[in-house]
Amino acid sequence: MNIPFLDNWRRKHAGIQATPLATAVGGEQEGVTELLSECELLRVRAGQSGLRLDDSPGSLDELDQLPPRWRDDPEEMPWLGNDAGLYLGTVIVRTVPGAVWHIWPGGHPVVRLASGREIQVVEAGLEWAVTGTPELAQVYAEAAEA
């Protein structure tokens with residue numbers, strides 16, 4: 001399909017690299033982490049199951065063990081998956097040395113490790129919400145090894 005204005009946009013934005021999210025919103029990584037760590041829906045649903053999310057790697061294990069009741073609500077599932085991905089990213093950024101949030105030009109947050117590897121945490125959270133895999137704790141373990 002030929003859509004001229006999209007072709008022009010792609011040419012203008014070709015080769016744009018990721019920008020640290022903190023730079024994009026004023027330079028404070030901790031403020032960015034606080035903003036992305038809200039994950040209100042996930043925290044409420046976890047709390048209803050008796051789980052307090054404390055931004056620790058152990059809480060990811062506990063999330064992986066929750067019965068996936070959110071799958072009964074197709075409208076809530078993508079929101080919960082998005083929150084799960086942002087929570088996963090929050091745990092990584094807060095506990096893995098050198099990990100920081102980055103944002104792509106379209107507004108998509110990813111976690112960049114000190115090695116330069118980027119983790120698509122939102123996609124991982126969405127997959128987890130829909131299928132149960134990858135386990136959030138496994139994604140974290142792989143990030144912590146890098």
Side-chain angles (χ1 to χ4, degrees), residues 3 5-6 9-10 12-146:
I3 305 174
F5 74 88
L6 282 180
W9 183 89
R10 285 186 188 118
K12 249 193 258 183
H13 293 89
I16 293 177
Q17 298 297 315
T19 304
L21 184 56
T23 302
V25 296
E28 188 191 319
Q29 185 65 226
E30 187 56 34
V32 170
T33 301
E34 285 300 316
L35 177 69
L36 295 178
S37 72
E38 288 181 8
C39 314
E40 185 176 353
L41 179 61
L42 180 69
R43 290 181 189 277
V44 167
R45 293 295 176 256
Q48 290 170 340
S49 296
L51 173 59
R52 184 181 156 299
L53 300 181
D54 61 1
D55 299 350
S56 71
S59 65
L60 296 172
D61 281 323
E62 293 177 43
L63 273 174
D64 287 335
Q65 301 307 312
L66 287 180
R69 292 186 182 104
W70 56 83
R71 292 187 191 141
D72 296 337
D73 186 348
E75 289 183 26
E76 184 174 282
M77 190 170 20
W79 294 103
L80 190 115
N82 186 73
D83 275 9
L86 292 176
Y87 183 73
L88 169 63
T90 297
V91 174
I92 293 170
V93 167
R94 288 196 169 147
T95 61
V96 175
V100 295
W101 285 106
H102 277 263
I103 190 166
W104 286 98
H108 182 75
V110 298
V111 172
R112 178 171 279 177
L113 303 176
S115 66
R117 178 176 160 230
E118 290 184 344
I119 301 174
Q120 305 284 332
V121 290
V122 172
E123 285 79 0
L126 289 168
E127 273 298 304
W128 173 81
V130 173
T131 66
T133 59
E135 290 184 339
L136 300 175
Q138 180 62 36
V139 176
Y140 174 83
E142 291 170 8
E145 285 179 3

Show the nearest heavy-atom pair for residues [X] and [Y], with the distance to one decimal.
X: Ala143; Y: Ile119; value: CB-CD1, 3.3 Å
X: Ser49; Y: Leu66; value: CB-CD2, 3.5 Å
X: Ala137; Y: Asp64; value: N-OD2, 3.0 Å

Is Arg43 reaching over with its side chain to a backbone N or O of Ser37, donor-acceptor style, under 3.5 angstrom?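 A pair under 3.5 Å: yes.
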Kindly say whether Glu135 contributes a backbone atom to a donor-acceptor pair with the side chain of Thr133 at under 3.5 angstrom?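 Such a contact is absent between Thr133 side chain and Glu135 backbone.
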Approximate separation, where rounding is to 0.5 Å, of [X] [atom1] and [Y] [atom2]:
X: Leu136; Y: Glu62; atom1: CG; atom2: CD; answer: 12.0 Å
X: Ile103; Y: Arg112; atom1: CD1; atom2: CZ; answer: 13.0 Å
X: Trp104; Y: Glu118; atom1: CH2; atom2: CD; answer: 4.5 Å

Could you please spell out the steps behind the side chain to side chain contact (heavy atoms under 4.5 Å, CB included) verdict for Glu123 and His108? CA-CA 10 Å; Glu123 285 79 0; His108 182 75; 2.9 Å; yes
Does Arg71, at its CZ atom, have more than 12 non-hydrogen atoms belonging to other residues, nucleotides or ligands within less than 6.0 Å?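 Counting other residues, nucleotides and ligands, CZ of Arg71 exceeds 12 neighbours.
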One pair to check against side chain to side chain contact (heavy atoms under 4.5 Å, CB included): Ile92 and Leu113. What are the steps and the verdict? CA-CA 9 Å; Ile92 293 170; Leu113 303 176; 4.0 Å; yes
Passes side chain to side chain contact (heavy atoms under 4.5 Å, CB included), Trp101 versus Leu35? Steps please. CA-CA 11 Å; Trp101 285 106; Leu35 177 69; over 6 Å; no
Just jot down the side chain to side chain donor-acceptor pair (under 3.5 Å) partners of Gln48, sequence neighbours excluded, or say none.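 Result, side chain to side chain donor-acceptor pair (under 3.5 Å) vs Gln48: Arg45.
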Pairs touching residues 40-67 that satisfy ring pair (Phe, Tyr, Trp, His ring centres under 6.0 Å), sequence neighbours left out: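 Qualifying pairs: none.
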Compare all side-chain heavy atoms of Glu127 with those of Pro134 and state whether any distance is below 4.5 angstrom.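 Touching, per the 4.5 Å side-chain cut-off.
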Side chains of residues 77-90: which donor-acceptor partners sit under 3.5 Å, not counting sequence neighbours?
unit_1: Asp83; atom_1: OD2; unit_2: Leu41; atom_2: N; d: 3.0
unit_1: Asp83; atom_1: OD2; unit_2: Leu42; atom_2: N; d: 3.2
unit_1: Tyr87; atom_1: OH; unit_2: Asp55; atom_2: N; d: 2.9
unit_1: Tyr87; atom_1: OH; unit_2: Ser59; atom_2: OG; d: 2.5
unit_1: Thr90; atom_1: OG1; unit_2: Leu86; atom_2: O; d: 2.8

Could you please spell out the steps behind the side chain to side chain contact (heavy atoms under 4.5 Å, CB included) verdict for Arg94 and Ser56? CA-CA 8 Å; Arg94 288 196 169 147; Ser56 71; over 6 Å; no
